[in-house]
Every structure is written in structure tokens, then in C-alpha cells.
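Because the structure is a prediction, the values reported are computed rather than measured.
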Amino acid sequence: MIAILDYDAGNIKSVEKALQYLGCEAVITRDKEVIMNADHVILPGVGAFGDAMKKLNDYDLVDVIKEYVKTGKPFLGICLGLQLLFAESEESPGVKGLDLIPGKIKRIPDAEGLKIPQIGWNSLEIAPDKKLFKGVKNGSFVYFVHSYYLACDNKADVAATTFYSTEIHASVEHGNVFACQFHPEKSGDVGLTILRNFIAL
């Protein structure tokens with residue numbers, strides 16, 4: 001069973017539908033017992049870093065997430081869910097994130113001819129031997145919606161990059177914690193392959 005964390009963020013139902021399409025039992029929940037007993041946990045989300053952290057704290061999910069990660073079972077952050085895994089974001093100065101992976105969340109720099117937020121498809125440069133990308137061709141396109149991006153501290157954690165005004169660390173793998181800045185649930189067959197790889201962990 002896969003637990004999808006419910007903290008009033010956007011985009012949760014589309015993740016549930018993608019998992020159901022793949023034949024998975026998926027439960028949207030904020031119940032600690034359900035979360036801790038899950039085989040996999042996903043932290044999805046669309047919205048602002050500060051608002052999201054307030055909700056995670058309000059629902060007592062911060063400690064639950066950290067406790068779950070310590071079990072060694074697979075955990076996946078998607079879009080805002082990736083950004084929340086880091087200590088802080090330029091979007092919400094002074095707000096403490098989950099601080100599970102070393103790195104920084106920065107605003108995408110302005111560049112002539114590029115709109116921010118980035119909304120649309122971009123290709124990935126995939127690092128070798130990364131678990132989420134087994135069977136995914138280098139250069140595959142995935143769907144992004146974001147104004148802020150990850151600059152990861154440790155190159156070894158970076159599973160895939162893309163370029164939009166600057167190099168963006170589009171996916172990370174850090175022990176049992178995985179994350180994608182893009183939306184695998186909205187990225188067609190490539191995204192379904194990535195979710196299938198996560199489910200198989």
C-alpha cells in the first residue's frame with residue numbers, strides 16, 4: 001500500500017489516479033498509523049513552500065515524515081514535495097523545511113524569452129544507474145510547473161538535470177528518499193515508468 005500525504009496541497013488526486021492506473025492500492029491520508037504501515041509514501045504538492053510547511057506542522061506530519069524516512073522504506077517527493085525535503089527556500093525566507101537532503105531551493109533566474117513559472121515539457125539529462133530512471137531513455141521529456149528550483153549540495157544525490165535559464169537538479173536519490181521537481185503523474189509513459197520504478201523499490 002502506498003500512502004499519499006494529505007496536507008491540503010494541490011495535485012494530490014492526479015497522483016492517486018496514476019497509481020491506481022498502475023494497479024496500486026493508494027490511500028490519501030494524514031493518519032500516522034496508516035503512514036507508518038505503508039510500503040511506500042509519496043509527498044506530492046503544488047503551492048508555496050511556507051504555506052505547505054505550515055500545513056505539515058499543523059497536521060503533525062513533520063515528525064511522521066522524518067520517522068518514516070528512518071525506517072528505510074521508499075519515500076518520494078513530487079514538485080513542491082521535492083522542495084520541502086530541503087532546509088529552506090528563497091520563496092519563504094525564515095521558514096524551516098524538512099532538511100532531509102543537503103541543498104538549496106532558489107528562484108529560477110530571469111532570462112530573456114523565458115517565462116517564470118516554467119510551465120511545460122523539458123528534457124532530462126539522466127545520471128547513470130539511478131533507480132527511478134531504469135528503462136527511461138536519456139533526453140526523455142517530462143512536465144514541469146515551477147518558479148523555484150533545486151541546487152543540490154552533493155552531486156552524487158542528483159539523478160537527473162534539466163536546463164531552464166540555469167541548470168536545475170530535476171530529480172534526486174538520497175538513500176531511501178527520492179524526489180522529482182517535475183510531475184511524473186503528468187508526464188505520459190515516461191512518468192508512469194518512473195512511478196513504476198518507485199513502486200518496485
Task: Under 3.5 Å: donor-acceptor pair, side chain of E90, backbone of R107 - done: yes
Open item on the list: Between E173 and D157, is the side chain to side chain contact (heavy atoms under 4.5 Å, CB included) condition met? List the steps.
Closed with: CA-CA 5 Å; E173 300 187 4; D157 290 337; over 6 Å; no
Task: side chain to side chain donor-acceptor pair (under 3.5 Å) partners of residues 121-136, not counting sequence neighbours, each pair once - done: N122-T162, E125-N138
Open item on the list: Side-chain heavy atoms nearer than 4.5 Å, only ILVMFWY residues, links allowed to pass through others: does that put I2 and I194 together?
Closed with: yes
Task: A159 versus F133, closest heavy-atom pair with distance - done: CB-CE1, 3.8 Å
TODO: Indicate, with yes or no, if L100 and I78 share a hydrophobic cluster defined by side-chain heavy-atom contacts under 4.5 Å among Ile, Leu, Val, Met, Phe, Trp and Tyr.
DONE: no
Task: Residues clustered with F163, ILVMFWY side-chain links under 4.5 angstrom - done: none
Open item on the list: Using the rule that Ile, Leu, Val, Met, Phe, Trp and Tyr join whenever any side-chain heavy atoms are under 4.5 Å apart, tell me whether L5 and V95 fall into a single cluster.
Closed with: yes
Task: Partners meeting side chain to side chain contact (heavy atoms under 4.5 Å, CB included) with P44 (sequence neighbours left out) - done: I4, I12, V15, I42
Task: Minimal non-hydrogen separation, A179 against S171, with atom names - done: O-OG, 2.9 Å
Open item on the list: My understanding is that only residues two or more places apart in sequence, or in another chain, count here; which of them pass side chain to side chain contact (heavy atoms under 4.5 Å, CB included) with V177?
Closed with: V69, F75, L85, I101
TODO: Can you measure from NE2 (H40) to CG (N176) and round to the nearest 0.5 angstrom?
DONE: 10.5 Å
Open item on the list: Applying a strict under-4.5 Å side-chain criterion to I, L, V, M, F, W and Y, I'd like to know whether Y164 and V190 cluster together.
Closed with: no
- [ ] Quick one: list whatever passes salt bridge (charged side-chain N to carboxylate O under 4.0 Å, His left out) with D99, sequence neighbours left out.
- [x] K96
- [ ] If a pair satisfies side chain to side chain donor-acceptor pair (under 3.5 Å) and one of its residues is in residues 190-201, list it, with sequence neighbours excluded.
- [x] none
Open item on the list: With a 4.5 Å cut-off on side-chain heavy atoms, are V172 and C180 touching?
Closed with: no
TODO: Return each pair, listed once, that meets side chain to side chain donor-acceptor pair (under 3.5 Å) where at least one residue sits in residues 64-88; pairs must be two or more places apart or across chains.
DONE: K32-E67, Q83-Q181
Open item on the list: I'd like to check L195 versus L132 (side-chain heavy atoms, cut-off strictly below 4.5 Å). Are they in contact?
Closed with: no
- [ ] Could you go through the side chain to side chain contact (heavy atoms under 4.5 Å, CB included) check for L43 and L98 one step at a time?
- [x] CA-CA 12 Å; L43 176 64; L98 294 167; 4.1 Å; yes
Task: Spacing of CZ belonging to F86 relative to NZ belonging to K104, to within rounding of 0.5 Å - done: 10.5 Å
Task: For V46, the rest of its hydrophobic cluster, which grows through side-chain links under 4.5 angstrom - done: none
- [ ] Find out if a path of hydrophobic residues (ILVMFWY) with successive side-chain heavy-atom gaps under 4.5 Å connects I28 to V41.
- [x] no
Task: Hydrophobic cluster (4.5 angstrom, side-chain heavy atoms) - remaining members for M1 - done: V27, V34
List the atom pairs, with distances to 0.1 Å, where a side-chain N or O of residues 47-65 and a protein N or O form a donor-acceptor pair under 3.5 Å, not counting sequence neighbours.
unit_1 : atom_1 : unit_2 : atom_2 : d
K54    : NZ     : D58    : OD2    : 2.9
K55    : NZ     : D8     : OD2    : 3.4
N57    : ND2    : M53    : O      : 2.9
Y59    : OH     : D8     : OD2    : 2.5

Task: Set of residues satisfying salt bridge (charged side-chain N to carboxylate O under 4.0 Å, His left out) with respect to K13, sequence neighbours excluded - done: E16
- [ ] Please examine the side chains of I168 and T161, heavy atoms only from C-beta on, and report whether any two atoms are closer than 4.5 Å.
- [x] no
Open item on the list: Show the nearest heavy-atom pair for residues I116 and P109, with the distance to one decimal.
Closed with: CD1-O, 3.6 Å
Under 3.5 Å, sequence neighbours excluded: what are the donor-acceptor pairs made by side chains of residues 139-155?
unit_1 : atom_1 : unit_2 : atom_2 : d
S140   : OG     : K137   : O      : 2.6
H146   : ND1    : Y148   : O      : 2.7
H146   : NE2    : Q118   : OE1    : 2.6

